[in-house]
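A quick write-up on the structure given underneath.
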Amino acid sequence: MRKHDVNRFKREIEEALKIAPRFAEAYVLMADEEVSAHRYDVALQDALQAQQIEPDAAWVSLLIATAYNSLERYDQASLILSNMRAQDTAAWQAKYERARAEVGRKNVESALHWSELALKEAPSSFTETHLLRANALQIAQRWKEASDQMESYLAAPTPHDRAQVEAALVFTRRRAEEQERGLLAGR
């Protein structure tokens with residue numbers, strides 16, 4: 001899997017499951033691969049299978065939450081994340097997924113809290129945290145800060161969905177200007 005040889009990975013996982021059909025870690029690895037391939041329904045099935053075999057399997061709750069978030073099932077993701085093992089909640093990935101769930105649920109205070117933690121703790125190379133923080137700031141109508149985060153995201157070498165984020169940035173900058181004019185007019 002780490003060598004990105006998907007065919008070999010699948011062959012070896014199949015062999016492992018022939019030997020040990022209740023090998024939870026194999027299902028966790030398959031779920032992780034499916035998340036990477038954006039096949040969230042399949043990832044969810046694999047992660048739930050791992051959880052059924054071994055309820056406390058490392059990373060299984062996080063993979064379930066990731067799949068739920070990606071399927072826009074934010075309430076379910078939030079519930080899973082709220083009940084995760086302590087050692088799993090300490091990971092920056094858990095904070096990122098918690099922020100995704102809270103942004104999706106439009107829960108302003110939680111979205112701001114978790115997105116700030118994710119931004120602080122994620123590796124600087126994981127620029128998606130800037131975009132997630134921008135989304136949380138937009139919900140809070142903190143437009144100037146949201147535009148700054150979008151600009152940080154777009155400054156990355158290869159941001160995903162550049163055109164979509166640039167369009168959102170134009171809207172957000174306009175809202176920031178309107179907000180600033182409104183504040184100045186109110187003085």
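All values below were derived from every heavy atom in this structure, side-chain atoms included, with hydrogens, water molecules and symmetry-related copies excluded. What you are looking at is a predicted structure, and each value in this text was computed from that prediction instead of being measured.
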Any ion pair linking R98 and E102 (charged N to carboxylate O, less than 4.0 Å)?
-> yes
Identify the two heavy atoms, one from A47 and one from I64, that lie closest to each other, and give their separation to 0.1 Å.
-> CB-CG1, 3.5 Å
So R100 and V103, side chain to side chain contact (heavy atoms under 4.5 Å, CB included) or not? Walk me through it.
-> CA-CA 5 Å; R100 283 182 69 199; V103 165; 5.9 Å; no
Can you see which heavy atom on A77 is nearest to which on A101, and at what distance?
-> CB-CB, 4.1 Å
Minimum side-chain heavy-atom gap Q138-Q149 below 4.5 Å = no
Which atom pair, heavy atoms only, marks the closest approach of V35 to A43?
-> CG2-CB, 3.6 Å
Is it true that L71 and L63 fall in one hydrophobic cluster, defined by side-chain heavy atoms closer than 4.5 Å?
-> yes
Among E177, R175, R174, E180, whose side chain to side chain contact (heavy atoms under 4.5 Å, CB included) with W143 holds?
-> R175
For the residue pair L132 and A99, what are the closest heavy atoms and their distance?
-> CD2-CB, 3.4 Å
Transitive ILVMFWY cluster of V170 at side-chain heavy atoms under 4.5 Å: who else is in it?
-> none
Pairs involving residues 51-68, ordered by first then second residue, that meet side-chain hydrogen bond (donor to acceptor under 3.5 Å, both in side chains) (sequence neighbours left out) | T66-E97
If you take all heavy atoms of E121 and A90, which pair is closest and at what distance?
-> OE1-O, 4.0 Å
Between T129 and A122, what is the shortest heavy-atom contact and its length?
-> CG2-CB, 3.5 Å
Same cluster or not: are L81 and Y96 linked, directly or through other Ile, Leu, Val, Met, Phe, Trp or Tyr residues, by side-chain heavy atoms under 4.5 angstrom apart?
-> no
Can you tell if the side chain of D148 reaches within under 4.5 Å of the side chain of K144, non-hydrogen atoms only?
-> yes
Apart from V165 itself, which Ile, Leu, Val, Met, Phe, Trp or Tyr residues share its cluster (side-chain heavy atoms under 4.5 Å, direct or through members)?
-> L131, M150, Y153, L154, L169
Decide yes or no for L112 and R133: does some side-chain heavy atom of the first lie under 4.5 Å from some side-chain heavy atom of the second?
-> yes
same_hphob_cluster(L44, V42) at 4.5 Å side-chain heavy-atom cutoff = no
Do L119 and L117 sit in the same hydrophobic cluster, where Ile, Leu, Val, Met, Phe, Trp and Tyr count as joined when their side-chain heavy atoms come under 4.5 Å apart?
-> no
Atom CG in L62, atom CZ in R85: separation rounded to 0.5 Å?
-> 11.0 Å
From CZ (R39) to CE (M30), nearest 0.5 Å = 11.5 Å
Distance from Y40 atom OH to N69 atom CG, nearest 0.5 Å?
-> 10.5 Å
Validation row: E72, Y74 side chains within 4.5 angstrom (heavy atoms) | yes
Is the backbone N or O of S115 less than 3.5 Å from a side-chain atom of K95, with the two atoms forming a donor-acceptor pair by type?
-> no
Value for CD (Q179) from CZ (R142), rounded to nearest 0.5 Å, stands at 10.0 Å
Taking it one step at a time, do Q76 and I80 satisfy side chain to side chain contact (heavy atoms under 4.5 Å, CB included)?
-> CA-CA 6 Å; Q76 290 170 296; I80 293 292; 5.6 Å; no
Starting from the C-alpha separation in whole Å, work towards a yes-or-no answer on salt bridge (Lys or Arg N to Asp or Glu O under 4.0 Å) for E116 and K120.
-> CA-CA 6 Å; E116 182 177 10; K120 285 180 183 177; 3.5 Å; yes
Report yes or no: do F23 and L29 belong to one cluster of Ile/Leu/Val/Met/Phe/Trp/Tyr joined by side chain heavy-atom distances under 4.5 Å?
-> yes
